[in-house]
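Just below is one structure, and these are the notes that go with it.
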Amino acid sequence: MDLGIAGRKAIVCASSRGLGRACAEALAQAGCEVVINGLDAARLETTAADLGKSTGARITPVVGDLATPECQAALFRACPDPDILVNNNAGPPPREFRELTRQQILDGVIANMVVAIELTQKAIEPMLAKKFGRIVNITSGTVKLPQAGLDLSSGARAGLSVFIAGIARQVADKNVTINNLLPGAFETDRLKTVLGGAAKRRGVTYDQAKAERILTIPAKRFGETSEFGATCAFLCSAQAGFITGQNLLIDGGGFPGAL
């Protein structure tokens with residue numbers, strides 16, 4: 001399918017690896033110019049070179065912590081009037097809620113809620129002026145199905161989901177959409193960290209924890225990052241203009257509900 005976004009400009013946050021990289025790659029394959037971001041300069045440069053070579057797209061790396069004003073300013077210097085914004089950021093490490101300090105709680109809320117709101121504030125006016133904009137927030141399946149130890153991540157991302165719901169409906173008449181993608185278990189570094197922590201707490205091997213986790217998924221496998229990226233790219237497409245304010249689960253059927 002021609003997604004109708006060739007030549008569009010995209011900012012994809014936290015995209016040197018994992019789900020963010022998959023989204024950047026899918027948008028680049030669709031013909032977008034893509035600004036990518038990450039903390040590790042060497043990894044980010046390698047990702048930019050790899051994506052540029054494999055897709056032929058213009059890929060611009062911006063190194064920095066999204067929670068800082070300096071990094072946010074650098075993103076918008078690289079792409080002053082984005083057509084597409086994919087909000088993504090690393091979640092806090094799994095931790096028993098009684099162990100969380102006040103500062104850790106504040107840092108988690110800033111990283112997984114406040115940053116996406118700030119970037120949306122910066123991106124929205126150019127989108128409204130052009131009457132085209134696509135914003136996708138990568139949150140988590142735990143927004144709908146909380147998981148012990150991920151309370152801070154889930155709570156901050158749930159707050160973002162509710163905050164964005166009202167905004168999406170305020171800008172829908174200008175062909176600007178805002179949606180949330182809720183990943184389940186994808187084989188990323190984040191999942192490996194979560195599984196490793198669970199294995200350690202239970203006194204089992206990583207492979208055993210992984211096998212047991214797969215058994216809880218009706219699809220009986222982990223998701224592939226390319227599947228996630230393709231879904232993100234469709235939500236950013238010209239054809240997706242009537243989809244807004246939604247939370248789309250991509251979890252292999254893991255959520256045990258119909259609504």
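Quantities reported herein were computed from a predicted structural model and do not represent experimental measurements.
Side-chain atoms of S153 and R157 form a donor-acceptor pair, as typed in the model, at a separation below 3.5 Å. Under the 3.5 Å distance criterion, with hydrogens and angles disregarded, a donor-acceptor pair is assigned to the side chains of S154 and T142. Checked by atom type, the side-chain pair R213/T216 shows a donor-acceptor distance below 3.5 Å. Defined by atom type and a distance below 3.5 Å, a donor-acceptor pair is present between the side-chain atoms of N180 and N137.
The heavy-atom pair separating T188 from G18 by the smallest distance is CG2-CA, 4.3 Å. I5 and A238 make their closest contact through CG2-N, 4.0 Å (heavy atoms, listed as atom of the first residue, atom of the second, distance). Here the closest heavy-atom approach between residue C71 and residue D65 is recorded as CB-O, 3.0 Å. A26 and A230 get closest at one heavy-atom pair: CB-N, 4.1 Å. Contact between Y206 and K192 at its shortest, heavy atoms only, is OH-CG, 3.3 Å. Residues P82 and C79 approach most closely at CD-O, 3.4 Å, considering heavy atoms.
With hydrogens and angles disregarded, no donor-acceptor distance shorter than 3.5 Å links the side chain of S16 to the backbone of L44. The closest donor-acceptor contact from the side chain of S140 to the backbone of V143 lies at 3.5 Å or more, if one exists at all. At least one donor-acceptor pair under 3.5 Å links the side chain of Q246 to the backbone N or O of T244. No donor-acceptor pair closer than 3.5 Å links the side chain of R8 to the backbone N or O of E33. With hydrogens and angles disregarded, a donor-acceptor distance shorter than 3.5 Å links the side chain of N89 to the backbone of A111. Panel note: side chain N175, backbone K131; a donor-acceptor pair is recorded below 3.5 Å. A donor-acceptor pair under 3.5 Å links the side-chain atoms of N179 to the main chain of G245, judged by distance alone. In this structure, T68 contributes its side chain and G64 its backbone to no donor-acceptor pair below 3.5 Å.
Screening L27, I59, L75, N37 for a side chain to side chain contact (heavy atoms under 4.5 Å, CB included) involving V12 leaves a single residue, L27.
Residues F186 and L235 fall within the same hydrophobic cluster, defined by Ile, Leu, Val, Met, Phe, Trp and Tyr side chains chained together at heavy-atom separations under 4.5 Å. Note on I135: it does not cluster hydrophobically with I138, by side-chain heavy-atom contacts below 4.5 Å among ILVMFWY residues. In this structure, L19 is not a member of the same hydrophobic cluster as L150, with clusters built from ILVMFWY side-chain heavy atoms closer than 4.5 Å. The cluster map of Ile, Leu, Val, Met, Phe, Trp and Tyr, joined by side-chain heavy atoms under 4.5 Å apart, puts L3 and F228 in the same cluster. Under a hydrophobic-cluster definition in which Ile, Leu, Val, Met, Phe, Trp and Tyr are linked whenever side-chain heavy atoms come within less than 4.5 Å, directly or via other members, F76 and I117 are assigned to the same cluster.
Taking the charged nitrogens against the carboxylate oxygens, K130 and E125 have no contact shorter than 4.0 Å, which rules out a salt bridge. Salt bridge K210/E187: present, at least one basic N to carboxylate O contact under 4.0 Å.
Rounding to the nearest 0.5 Å places CD of E25 at 11.5 Å from OG of S15. Between the OG1 atom in T225 and the CZ atom in R21 there is a gap of 8.5 Å [rounded to 0.5 Å]. Once rounded to the nearest 0.5 Å, the distance linking CD1 of I11 with CG of L85 reads 6.0 Å. Atom CD of Q72 and atom CD of Q121 lie 9.0 Å apart (nearest 0.5 Å). Note that CD of E212 is 10.0 Å distant from CG of L195, once rounded to the nearest 0.5 Å. Annotation: the span from E99 atom CD to T101 atom OG1 amounts to 10.5 Å, rounded to 0.5 Å.
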request  = Just do the salt bridge (charged side-chain N to carboxylate O under 4.0 Å, His left out) check on D189 and R17 with the steps written out, would you?
outcome  = CA-CA 9 Å; D189 291 343; R17 57 181 173 173; 2.6 Å; yes
ask   = Given the rule in the side chain to side chain contact (heavy atoms under 4.5 Å, CB included) test, do C236 and V136 qualify, once you have shown the distances and angles that lead to the verdict?
value = CA-CA 8 Å; C236 296; V136 176; 3.8 Å; yes
task = Report the C-alpha distance between K144 and L249 in whole Å, list the side-chain angles of each, state the deciding distance to 0.1 Å, and finish with yes or no for side chain to side chain contact (heavy atoms under 4.5 Å, CB included).
result = CA-CA 9 Å; K144 296 195 71 170; L249 270 170; 3.8 Å; yes
request  = Apply salt bridge (charged side-chain N to carboxylate O under 4.0 Å, His left out) to the pair E227 and R221, showing each step before the final yes or no.
outcome  = CA-CA 13 Å; E227 296 173 305; R221 65 178 178 88; 2.8 Å; yes
message = Pair I250, L181 - check side chain to side chain contact (heavy atoms under 4.5 Å, CB included), show working.
response = CA-CA 7 Å; I250 312 179; L181 278 180; 3.7 Å; yes
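Taking 4.5 Å as the limit, every side-chain heavy atom of V115 sits out of range of all side-chain heavy atoms of C13. Taking the side chain as every heavy atom from C-beta outward, P93 and T193 never approach each other to under 4.5 Å. Contact check for F222 versus L191: side-chain heavy atoms found under the 4.5 Å cut-off. The closest side-chain heavy-atom distance from C32 to I84 is below 4.5 Å. No side-chain heavy atom of T177 sits less than 4.5 Å from a side-chain heavy atom of F242. Using a 4.5 Å heavy-atom threshold, the side chains of V63 and L39 count as separate. At a threshold of 4.5 Å between non-hydrogen side-chain atoms, the residues I36 and T60 do not count as touching. Side-chain contact between M127 and D83: absent, with no pair of heavy atoms (C-beta onward) separated by less than 4.5 Å.
Because its NZ or CZ atom is not both nearer than 6.0 Å to the ring centre of F97 and within 45° of the ring axis, R95 does not count as a cation-pi partner of that residue.
Crowding of K220 atom NZ: a count of heavy atoms from other residues, nucleotides or ligands under 6.0 Å exceeding 12.
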